[in-house]
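First up is the structure itself, then whatever we jot down about it.
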Amino acid sequence: MKNVIFIAPPAAGKGTISEYLEHKYNYKHISTGDILRNVMKENSELGEEVKKRMEEGELIGDDIILPLFKEELLKINDKPFILDGIPRNIEQAKYLDNLFEELNVNNYTVINIVIENDLLEKRVTGRRICNGCKKTYNIFFDDFKPLTENVCNNCGSLLEARIDDNLETFKARTEKYKLETEPLINYYQQKNKLVIVEASKTQTEIVQEVEKIIEVKND
Ligand code: AMP
């Protein structure tokens, strides 16, 4: 099975697909957003800085995120991995290239999830996450609404919005994405590593497409 790197705008669905692959195929899912949200919860100067930048829709400095990410990557023992949230810019992509060389990783594919801006906005501003089991909901889409308002179907914990899932921060994050992350499309195209998946398809179609890309055999 191939290792996967997702590049996609905020809330394009990379987290949901990653969770599916993690459970079905035993992938190790590394989300740099989750790593940073954990740092944010610590009562530390670093946590405060991360929180401030996230609230502003800014990227966190490479000097902070890259060592934290490397630590997680090195914990994987021969499992295939999914990178969700990294690289976010060309410098991070070059860092990954070097790290992969060091670790002898060649077998990877970069999946670019393409999605329209209007749909993205609803996905971001309507997203709610369970405080307990982390299941994701969306109050604007019937298929993703909780059965009881603001309560998780799975574990009964309360749902909450991420600190950066509001309209103002969404606009800043989208801007950042265009400026810093979109150039990665070209970068990986030139390396022949890029495939495109349309987020407007049904969840089942998306999953089937991704399964073909990562080369799992369906029976
Ligand atoms: P995500 O959960 O991937 O949407 O990330 C949430 C926020 O965490 C982003 O808006 C950034 O502020 C920060 N972040 C996540 N990954 C990175 C990264 N690779 N480099 C810099 N900042 C990041």
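Counting from 1, the numbers follow the sequence of the chain as shown. Ligands are counted one by one from 1 in listed order, and the atoms in each one are counted from 1 as well.
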Under 4.0 Å between a side-chain nitrogen and a carboxylate oxygen: does that hold for E19 and K134? no
Tell me every residue that passes salt bridge (Lys or Arg N to Asp or Glu O under 4.0 Å) with K122, counting only those two or more places apart in sequence or in another chain. none
Hey, does Y137 have a side-chain heavy atom less than 4.5 Å from the side chain of N153? yes
Amino acids contacting ligand 1, non-hydrogen cut-off under 4.0 Å: K14, T32, G33, L36, R37, M54, E58, L59, I60, I65, G85, I86, R88, Q92, R162, D164, R173
Applying the side-chain contact (heavy atoms from CB on, under 4.5 Å) criterion to Q92, which one of D62, L59, L184, D97 satisfies it? D62
Sequence neighbours excluded, the answer for ring pair (Phe, Tyr, Trp, His ring centres under 6.0 Å) partners of Y20 is none
Salt bridge (Lys or Arg N to Asp or Glu O under 4.0 Å) contacts touching residues 83-92 (sequence neighbours left out): K14-D84
